[in-house]
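Data block below; observations after.
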Amino acid sequence: MASTGGATGWLKGKVKAVPSGDCLVIMGITKAEIPPEKTITLSSLVAPRLARRGGIDEPFAWESREYLRKLCIGKEVTFRVDYTVPSINREFGSVFLGDKNVAQLVVSEGWAKVREQGQQKGEASPFLAELQRLEEQAKQQGVGRWNKEPSASEAAIRNLPPSAIGDPSNLDAMGLLAANKGRPMQGIVEQVRDGSTIRVYLLPEFQFVQVFVAGIQSPSMGRRAVVEPVPEPELPPEDTNGEAPSESRPLTSAQRLAASTSSSTEVSPDAFGREAKHFTEIRVLNRDVRIVLEGVDKFSNLIGSVYYPDGDSAKDLALELVENGLAKYVEWSANMMEEDVKRRLKNAELQAKKDRLRIWTNYVPPVTNSKAIHDQNFTGKVVEVVSGDCLIVADDSIPYGIPAAERRVNLSSIRSPKMGNPRRDEKPAPFARDAREFLRTRLIGRQVNVSMEYSRKVNMVDVPGFVPAPGSSDSRVMDFGSVFLVTPTKVEGDDAAPGPASAGNQPGGTNIAELVVSRGFGTVIRHRDFEERSNYYDALLAAESRAINGKKGMHSAKDPPVMHIMDLLTASAKKAKDFLPFLQRSRRLPAIVEYVLSGHRFKLLIPKETCSIAFSFSGVRCPGRDEPYSDEAIAFMRRKILQRDVEVEVETVDRTGTFLGSLWESKTNMAVTLLEAGLAKLQTFGVDRIPDAHLLVQAEQSAKNQRLKIWENYVEGEEVTNGSVPDNKKKEVFQAVVTEVLGGGQFYIQTASDQRVASIQQQLASLNLQEAPVIGAFNPKKGDIVLAQFSADNSWNRAMIVNGPRGAVETPKDKFEVFYIDYGNQETVPYSRLRPLDPSVSAAPGLAQLCSLAYIKVPSLEEDFGQEAAEYLSECTLNSSRELRVQVEEKDTSGGKVKGQGTGTVLIVTLVDVEAGSSINAAMLQEGLARLERRKRWDSKDRQTALDNLEEHQAKAKRERLKMWQYGDIQSDDEESAPPVRKAAGGRR
C-alpha cells in the first residue's frame, strides 16, 4: 500500500473488487506483480445482505452492491483503518474517492444504514454524526432502501434461478448455446477461479454460470482443502459488533475448522498460476463483460470468449493472457472459434515463446528442419518462373556468367499446385499451368526485391517417385523468401494493390506470394509451432480468405481449363516433320521459350499449334557443353529470352527433329545478339538462306574485332575456315594458375580468367565468422560442403568433408579431414575451425580442376624419384610467378562428373611456361624425372608428332644417366610399345 500521511495512517490503493454494498477489496499501488491487498468494510455501515448460492437477497441488496461497484471498481482511493474486530478478523475503515467520503455517498443514496452499536468501545466511524444526518435525510426523501412504496421491497429482491456451479443439471448448456451462439451476452464477473476460468452472472436473468475462456488454458491454482458449507451459527450481538455476517465476508479460521466435515489433499498452484489469476482479476472481476459462447464440452461446461472494456475499446481476455505469457494456446477449444481469432492466438503464443515470457521462461524450441536466413536480401531480375511458388532470380550483384548469379527462391509460407515431372510421367496438377503462366506474364525480366527468410532441409526420399542419382544426397536445402515487384504491373481486381493486412508493412512493391494466393493459385501453409514462416504471414492469410470468399482459382467450383500440348521433343523425328507444314503456314509465329537447352537450342511452346518443339538458330552454333563459354552462353540466353514471348520463323527441320530458323524478341534477332556477345560462331554452309544473313556476318565480325569471349585468341588470317574442321578437333587453350601438386604428374589448377574466383572470395570475405559452432546444432558429415580455416594462413575457404569422427561431435578438438574444393589441397582440422556454409555459396561447383601431364609417365610419391619429381613440378609451377598456359590434349571422364579429392574429369594437358617458351612436360623428361608413355603411340597422327618431339628430351636424360636413368634403360614394358592387336574379320586372323 502507498502511504500518504505517515503517522496519520492514510493509504492509497486501487479498488480490485466490491463484494457487497459496504465492503471493498483494495490493492496496493506498487510495482510488484501481485501487490498486497486489504478488505475494508465501511465503518459504522450495514448494507443489505446478498443471497448465498440459491438463496434470497435481502431487499435492495443487489442495488446497494451495484451502486458501490459502479462508483469505485478499478479506481484509486485513499483509505484508513478506523478500527478492527479481532473476533471476526475484520477491518473497518474510511474510504475517500478523490475528496468525497464513500460511506457518506452510500448513506446519502439510501443504500446502507448507520450502525450505532460499539461506539462505547471506540468502534465507530469518525464521521458518525454526519452519517447519521445523511441517513435521516435519506429516510425523509424515501431513497434507496428507505423507499416508501408498498411493493418496493418485494420488487428489490432478485429472482435467482438455481446455480449451475456444482450442479450442471441446473443449466441447459446446449440450449443456452443454441439461443446465443455468436451473440454477445452481458454479464458481471463474480469470481475468478483461475486465469482462464470465471464465474459470472448472465444478465438479465442472473443465471450464475462458470465459463472457460475459449482457446487457452492458464496455469492451475492447485487444489485447496475442500470445505463443505454448513449453515452459519447465529452469533451474539457482542461478537459481531451488531452486524449480520454476509456472503461477501469471509469466515474466520475457527469457523472454517468448525464447519468442515471433509477435506482433500492440498495441491500448490502451478508456476505463474497466482500471477495469471491476478491478471484476470484486475481486468474482469466485478466488471461488466461481454461473453460470446463458442461451444459446450462433453461435461456441459460453457466455452466462450470474454471481452472487457478498456477505455472506448474492448479487449480479448484470451489474447491478453497469451500475449503476456500467462496462458497457452489450446487446440481443442480453439477449434470452436473463427480462423482469424485462432491465428491471432497462435501468433501471440509464438511471440511469447520467442520472448520467453513467464510460463515460457524455460521454453526450449522443438527441433525443426528450418532455420532463419539473415542478411540475405538482394535485388535482381526474374529469369524463370518454375511454378506458382518458385522463381529463379538473377542477382544483380553477381556477373551473369557465374552459376551463383541465379538464385532459386521458393515463396515463403505458400504452396501452389505442382508442375509434375514429364520424366516420371507426372502430369501438372489442376491450375499448375495457370499459376505459372499468371506469374510468367507479370514477372519475367522484371526487377524485384528479394527478402530471404528461412531455409528448410527437405528429405527427397519422402517425395513420391523420387529416385536419387548415383552419388547424390537424399536431401536438399530449399531457400524461402518474400519477393516484391518493384515497378507497377498491369493487374486487375485485388491484384492492383496489397490487401489491408499488408499495407505499410512491406519494403516497397507488390508481394508476389500475396498476389498468387489472392488469385486462388496457391494456399497458405499452416506451419507447425515455432517453425519459421513468412514475415507477412497475416497478409497471406487475409489474401487466402478473400480468394476463398470470391471462389477464385483453386477455390472455384468450376473445373480448371484443360490444355493438351503435343511435345515434339519426345516424339519421333517423323512426327516432327509432319508438323513442319503447319509451322511454315505463317511467316512468323508467336511462341514462348520454355527452356534454354544450349546457347543456340531451345524448347518452344507454340500456342497456336498447341505443340512444343526443339528449335535451333540456323547457321549459328555456340560452344559445346564441355567447351569454354558454353555455360556463359546458356546463362546469357536465359536472361535474354527464357519464358519470354517471342516470334519465330521456321525454315526446315533436321534429321533429329529439331526445327531450324530465326527467332525475334521485341523485334531483335537473338542470333545477332548472341554473335555480338562473342558467344557463338557463324557457320558458312547455308548462311545464304537466312533472312538476316548480312546482320549475322556483321555481328560476328564485330565480336572478332573486339576479341570477345571465344574470339579472345583470334588472329586475323590464322583462323581455319568455319566448317572445314569440326570444332571438337580444335584444342582448348587457356591461362591457368597451379594451386596444388599431388605427385605422379597430377596437379590442380584454377583458370586465370575465371570470374567466379573473385566472386566467391568476395562472398566469403563478407561473412561474419567470429562465433564458434554450437556442438549438436552443426554436425558435418562426409560429403558436406562447409567452411574450413586453412592452417597455413588462417583464411576461410570452401571445403568438402572427407572423413570425420565416428558418431556425433563431442568436443571442439574432434578432427575432420577436409578437401579444399577451390584449391585442391587437403588437411585435417579440428571441429572449432569449421563453420556451416550458406547454400547459395556452397552450390557453386569447386574451382579447382584436376590435371595430369600428357604423353609422359611420372613416378608416384611411393616410387623411386617420385618425391623429387613432385618437388621439381612444384618449383616450376607453385613457386613461379611466370605465366602458365594449359593446352588440353584430351579428357579422362572415368572419374565421374563430380569434382573433389582426386575425382571428376581429369584434363590431360601440356603445361607451357610462356616466358621460357617451353613445356614443363619436356622439362620433366629432360631432368630424368619422367618417361614417355608409349601406350597410345599409334592412336593418332597428332599424338605421334607430339611423342616424336618429346623423344629427344628423354634421350638427353638417358645419355647423361639422370635420375631414373642412372642405371641405364629402365623400360621393359614391351607390351606398351607394340602396336595394338587388330580384331579378326570374318572369323580370320
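For the single chain, residues carry numbers from 1 onward in sequence order.
Residues Asp82 and Ser43 have side chains that bring a donor and an acceptor to within less than 3.5 angstrom of each other. A side-chain N or O of Thr197 and one of Asp194 form a donor-acceptor pair less than 3.5 Å apart. For the residue pair Asn286 / Lys16, no side-chain donor-acceptor distance below 3.5 Å is found, with atom types taken as modelled. For the 3.5 Å distance criterion, the side chains of Ser305 and Glu294 qualify, holding a donor opposite an acceptor. If you check the side chains of Asn347 and Gln351, you find no donor sitting under 3.5 Å from an acceptor.
Note that CD1 of Ile26 and CD of Glu76 are 11.5 Å apart. Values are rounded to the nearest 0.5 Å. The distance from atom CZ of Arg290 to atom OH of Tyr308, rounded to the nearest 0.5 Å, is 12.5 Å. Remark: Arg115 CZ to Leu45 CG distance equals 8.5 Å, nearest 0.5 Å. Phe127 contributes atom CZ, which lies 11.0 Å from atom OG of Ser44 (distance to the nearest 0.5 angstrom). In this structure, CD in Glu135 is found 9.5 Å from CG in Leu128, a value given to the nearest 0.5 Å. Put simply, CD1 on Ile216 and CG on Leu317 are 6.0 Å apart, with the number rounded to the nearest 0.5 Å.
Side chain of Asp172 to backbone of Gly175: a donor-acceptor contact under 3.5 angstrom is found. Side chain of Ser518 to main chain of Glu514: a donor-acceptor pair is present (N/O by atom type, distance under 3.5 Å, no hydrogens or angles). Distance alone, capped at 3.5 Å, is enough to place a donor-acceptor pair between the Glu544 side chain and the Val524 backbone. At distances below 3.5 Å, at least one donor-acceptor pair connects side-chain atoms of Asp22 with backbone N or O atoms of Ala47. Between the side chain of Asp57 and the main chain of Ala51, a donor-acceptor pair closer than 3.5 Å is present. When atom types are taken as modelled, the side chain of Asp297 and the backbone of Phe299 share a donor-acceptor pair closer than 3.5 angstrom. Between the side chain of Lys354 and the main chain of Leu350, no donor-acceptor pair closer than 3.5 Å is present.
Minimum interatomic distance between Ala112 and Val106 (heavy atoms only, all atoms of both residues): CB-CG1, 3.7 Å. Taking every heavy atom of both residues into account, Glu58 and Pro48 meet most closely at OE1-CA, 3.4 Å. For Asn170 against Ala164, the heavy-atom pair with the smallest separation is CB-CA, 4.1 Å. Taking each heavy atom of Cys23 and Pro19 in turn, the nearest pair found is O-CD, 3.2 Å. Between Gly9 and Arg80 the shortest heavy-atom distance is O-CG, 3.5 Å. Closest approach of Cys72 and Leu24 over heavy atoms only: CB-CD2, 4.3 Å.
Counted within 6.0 Å of NZ on Lys70, heavy atoms from surrounding residues, nucleotides or ligands total 12 or fewer; the atom is thus considered open. Atom CD of Glu33 has more than 12 neighbouring heavy atoms from other residues, nucleotides or ligands inside a 6.0 Å radius. Taking a 6.0 Å sphere around CD of Glu331, one finds it holds more than 12 heavy atoms contributed by other residues, nucleotides or ligands. Within 6.0 Å of atom CG in Asn159, 12 or fewer heavy atoms from other residues, nucleotides or ligands are found, so the atom counts as exposed in its surroundings. Counted within 6.0 Å of CG on Asn362, heavy atoms from surrounding residues, nucleotides or ligands total 12 or fewer; the atom is thus considered open. Counting non-hydrogen atoms of other residues, nucleotides and ligands closer than 6.0 Å to CZ of Arg193 gives a total above 12.
Side-chain contact between Leu321 and Phe279 is present, with at least one heavy-atom pair separated by less than 4.5 Å. Under the 4.5 Å side-chain criterion, counting only non-hydrogen atoms from C-beta, Arg287 is not in contact with Val189. Glu320 places none of its side-chain heavy atoms less than 4.5 Å from the side chain of Thr280. Counting heavy atoms from C-beta on, the side chains of Asp355 and Trp360 never come closer than 4.5 Å. Side-chain contact between Val296 and Asn301 is absent, with no heavy-atom pair separated by less than 4.5 Å. Side-chain contact between Phe92 and Val85: present, with at least one pair of heavy atoms (C-beta onward) separated by less than 4.5 Å. Put simply, the side chain of Ile34 reaches to within 4.5 Å of the side chain of Glu275, judged on heavy atoms. The side-chain heavy atoms of Lys12 and Phe79, taken from C-beta on, include no pair separated by under 4.5 Å.
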Check against side-chain contact (heavy atoms from CB on, under 4.5 Å), Ile303 and Leu293: CA-CA 6 Å; Ile303 315 296; Leu293 295 181; over 6 Å; no
Check against side-chain contact (heavy atoms from CB on, under 4.5 Å), Phe96 and Val102: CA-CA 6 Å; Phe96 279 79; Val102 172; 5.9 Å; no
side-chain contact (heavy atoms from CB on, under 4.5 Å) between Glu91 and Thr84, worked out: CA-CA 4 Å; Glu91 295 180 316; Thr84 61; 3.6 Å; yes
Check against side-chain contact (heavy atoms from CB on, under 4.5 Å), Glu63 and Glu66: CA-CA 5 Å; Glu63 289 83 352; Glu66 281 298 275; 5.6 Å; no
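For the pair Arg158 and Phe206, the cation-pi test (distance below 6.0 Å, angle within 45°) is passed. Both the sub-6.0 Å distance and the 45° axial angle are not jointly satisfied by Arg69 relative to the ring of Tyr67.
A side-chain contact (heavy atoms from CB on, under 4.5 Å) with Val200 is found for exactly one of Val306, Val209, Val284, Leu302, namely Val209.
Using a 4.0 Å cut-off between charged side-chain N and carboxylate O, Arg343 and Glu339 make no salt bridge. The residues Arg133 and Glu136 are annotated as not salt-bridged, no charged nitrogen and carboxylate oxygen being separated by less than 4.0 angstrom.
Ring orientation note: the planes of Phe208 and Tyr201 are tilted relative to one another, at an angle of 30° to 60°.
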